[in-house]
Amino acid sequence: MLTHIAVDIGGTKLRAASYPYDTTEPTKVTRVQTQHADRTLLERVVEIITSVWPENEQVAGIAIAAPGPLNPFEGVILSAPNIPEWVNFPLRQIIQDHFQVPVLVGNDANLAALGEWKFGAGQGHHHLIYLTVSTGIGSGIIIDDKLLLGEIGIAAELGHVTVLRDGPQCSCGKFGHLEAIASGTAIAKWVEKEIAQGASSVLSINTQITARKIAEAANAGDSLSIKALMRAGTFLGQAIADYVHIFNPTIVIIGGGVSRSGNLLFIPIEQALQNAIFDPHYLDNLKIVPAALGDDAGLLGALALIRSDRSSIISKLE
Ligand SMILES: [Zn+2]
């Protein structure tokens, strides 16, 4: 029986799984820390693929979800903020030469969108926007049943839209991007700044403040934490209104750690979206929902890529 192997190179976790043909239930899964003192990341990727290689079955192909910007047509990592040694790095060719099976490489957030569309919250939709709100903000867009890629495959960076002129600096170096205001990192920085300026909170700047701690404190009634999530949700909702005006989707799926804050985030998103939309018809068939695939979204997205009818999804990717 043919098997597909999916790999997800995350900022903290490196995951791989092997999936028998036609199922989304893996037979083997390995999850390890991405960083390792004595090994390069490439060595770790080769090791983790080997660890899930089936004993008695043939591997039909490998798909890798990797941080971008990357060129999915060539399978080349252009630059990755967390992996300084991977600049113009031909990951697809190297892995293909090593294992001698077809390999595809895609942007992790793009593939998470593909995974949610094929196997998760977006099934049956033809026009979908996916946002992952965690350390940064990644995204993927499905329009007319196709993943939007652009000329060299680096389209759909919805986290790097400017939402606040002269706003805080983004991880990309520019200022006022949505990621610099509404990502988990940005929410934590905002709370730290407010506390440093005298705001009262159950959180203390003497311990590391994270988006997860803020969500817990907000759920326990901490007013500064509630305000932080409301602020992030409002910026997200305003940005989503812009995306909805451009793409007219029927579903916006929000994943990533921050999306687990629940209504404390989703209610301000809905309110800001309703306030910012210029015609109510955009909202008629629109759902804003949390992601369904959780931590395995990257793996299942990579699986969706390797299983795709590529003519309908990524026509240029051959
Ligand atoms: Zn940016």
Exercise for the section: Apply the test side chain to side chain donor-acceptor pair (under 3.5 Å) to residues T185 and T135: give CA-CA distance (whole Å), side-chain angles for both, the deciding distance (0.1 Å), then the verdict. Expected result: CA-CA 5 Å; T185 315; T135 314; 4.9 Å; no
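- More than 12 non-hydrogen atoms from other residues, nucleotides or ligands lie less than 6.0 angstrom from CD of Q123.
- R260 and D295 are joined by a salt bridge, as a carboxylate oxygen and a charged side-chain nitrogen come within less than 4.0 angstrom of each other.
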Exercise for the section: Using the side chain to side chain donor-acceptor pair (under 3.5 Å) rule, take Q238 and D242 through it: C-alpha gap first, then chi angles, then the decisive distance, then the call. Expected result: CA-CA 7 Å; Q238 284 168 355; D242 291 341; over 6 Å; no
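- Atom CD of Q197 sits in a crowded spot, with more than 12 heavy atoms from other residues, nucleotides or ligands closer than 6.0 Å.
- Applying the side-chain contact (heavy atoms from CB on, under 4.5 Å) test between I141 and each of N110, L131, L148 identifies L148 as the sole match.
- Shown here is N275, whose CG atom has more than 12 heavy atoms of other residues, nucleotides or ligands within 6.0 Å.
- Taking every heavy atom of both residues into account, S259 and L265 meet most closely at CA-CD2, 4.1 Å.
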Exercise for the section: Output, in order, the C-alpha distance, side-chain angles, deciding distance and verdict of side chain to side chain donor-acceptor pair (under 3.5 Å) for T34 and T12. Expected result: CA-CA 5 Å; T34 304; T12 51; 5.8 Å; no
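- Taking the centre of each ring, F247 and H127 stay at or above the 6.0 Å mark.
- More than 12 heavy-atom neighbours from other residues, nucleotides or ligands sit within 6.0 angstrom of NZ on K28.
- The neighbour count for K213 NZ, taken as heavy atoms of other residues, nucleotides or ligands under 6.0 Å away, is above 12.
- Contact detail for A215 and L229: the closest heavy-atom pair is CA-CD1, 4.1 Å.
- The aromatic rings of F278 and H245 sit tilted relative to each other, their planes meeting at an angle between 30° and 60°.
- Aromatic ring centres of W53 and F99 lie closer together than 6.0 Å.
- Taking the side chain as every heavy atom from C-beta outward, T132 and I137 never approach each other to under 4.5 Å.
- By the 4.0 Å N-to-carboxylate-O rule, D296 lies close enough to R31 to be salt-bridged with it.
- Within a 6.0 Å radius of CD in Q208, no more than 12 heavy atoms belonging to other residues, nucleotides or ligands are found.
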Practice task
Starting from the C-alpha separation in whole Å, work towards a yes-or-no answer on side chain to side chain contact (heavy atoms under 4.5 Å, CB included) for L104 and R92.
Solution key: CA-CA 6 Å; L104 295 173; R92 176 190 182 187; 4.2 Å; yes
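- Across V244, I129, L273, a single residue satisfies side-chain contact (heavy atoms from CB on, under 4.5 Å) together with I288, and that is L273.
- For the pair A109 and S139, the tightest heavy-atom approach, listed with the atom from each and the gap, is CB-N, 3.2 Å.
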